[in-house]
Amino acid sequence: MKTLFATIALLAAAPMLGAAPALAQASSPQSVAAATTLVDVQTPPAASKAALDTQLREMRQGAAVRAMLSQNPGFKAEAAKNQPAFNSAMARMGAIQADAIGPIMVEMQKASRSAAIDTFAKNFTAAELQQITAFYRSPVGAKLLARQGAMSQDIARQVQTRFGPRMEAAQKAIAPKMQAELQKLAPAQAK
């Protein structure tokens with residue numbers, strides 16, 4: 001997520017840096033090297049790996065399953081009946097989920113890094129990438145990188161606060177119509 005917002009901010013800031021991106025140019029080895037440096041500055045590999053390791057550890061403990069099921073009132077009631085059994089089940093399901101999804105997430109992380117390097121190398125010259133990297137290494141660029149995650153969370157929180165209740169109300173309002181449509185499609189299954 002941090003890389004996505006960094007990329008958006010970077011593309012928005014490029015004209016201010018005095019360099020308009022060249023579109024879809026062939027990647028030179030120098031551009032690939034400069035893009036690699038930029039991606040490493042934006043999202044240091046060790047930090048990225050640590051974040052993924054934390055996410056997978058939490059998934060293995062059942063956090064993702066809990067989050068998926070937390071909106072189900074019946075599930076909440078069952079969980080309250082026998083907390084130790086519930087916690088054990090969450091850990092088992094989390095382990096199943098992490099074993100299945102974890103390798104894909106590791107592969108996705110590597111692919112995302114490669115795609116970012118490739119995309120930057122195709123859209124900017126080596127000199128432009130060096131200027132952008134210099135910006136991120138400057139005090140203001142470092143401040144942007146350091147605060148970007150918290151800023152992204154703040155933006156998401158503001159949007160959720162503003163639109164979440166409306167989305168929930170809209171979902172509740174259409175629930176009877178959705179149920180009726182499901183019942184038409186599969187009467188025995190929709191009850």
Where A121 and A35 come nearest, the two heavy atoms and their spacing: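 In this case the closest contact between A121 and A35 is N-CB, 3.8 Å.
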Minimum heavy-atom distance P103-D99, with the two atoms named: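 The pair with the smallest heavy-atom distance is CD-O, 3.3 Å.
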Hydrophobic cluster membership, with links at side-chain heavy-atom distances under 4.5 Å among I/L/V/M/F/W/Y: are [X] and [Y] in one?
| X | Y | answer |
| --- | --- | --- |
| V106 | I104 | no |
| M59 | M68 | no |
| L56 | M93 | no |
| L52 | I117 | no |

Charged N-O contact under 4.0 Å between E181 and K177: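 Between K177 and E181 there is no salt bridge, as every charged N stays at least 4.0 Å from the carboxylate O atoms.
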NZ/NE/NH1/NH2 to OD/OE distance under 4.0 Å, D53 and R57: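 Looking at D53 and R57, the cut-off is not met.
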Quick one: does [X]'s side chain get under 4.5 Å of [Y]'s, heavy atoms only?
| X | Y | answer |
| --- | --- | --- |
| Q61 | M90 | no |
| F135 | V140 | yes |
| T37 | Q42 | no |
| I96 | V65 | no |

N/O donor-acceptor pair under 3.5 Å between [X] side chain and [Y] backbone:
| X | Y | value |
| --- | --- | --- |
| S31 | S27 | no |
| T54 | A50 | yes |
| D118 | S114 | no |

Return the [atom1] to [atom2] distance between [X] and [Y], rounded to the nearest 0.5 Å.
| X | Y | atom1 | atom2 | result |
| --- | --- | --- | --- | --- |
| Q55 | Q109 | CD | CD | 9.0 Å |
| Q131 | Y136 | CD | OH | 14.0 Å |
| R162 | R157 | CZ | CZ | 13.5 Å |
| R147 | S152 | CZ | OG | 13.5 Å |
| L38 | T133 | CG | OG1 | 4.0 Å |
| T36 | F120 | OG1 | CZ | 11.0 Å |

Mark yes when over 12 heavy atoms from residues, nucleotides or ligands other than [X] sit less than 6.0 Å from its [atom1]; otherwise mark no.
| X | atom1 | result |
| --- | --- | --- |
| M178 | CE | no |
| Q158 | CD | yes |
| M108 | CE | no |
| Q83 | CD | yes |

V41 vs L145, side chain to side chain contact (heavy atoms under 4.5 Å, CB included): CA-CA, chis, key distance, verdict: CA-CA 9 Å; V41 167; L145 286 174; 4.0 Å; yes
Side-chain donor-acceptor pair present, N87, R92, cut-off under 3.5 Å: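 N87 vs R92: no donor-acceptor pair found between side chains.
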R113 vs S48, side chain to side chain contact (heavy atoms under 4.5 Å, CB included): CA-CA, chis, key distance, verdict: CA-CA 10 Å; R113 182 177 186 279; S48 186; over 6 Å; no
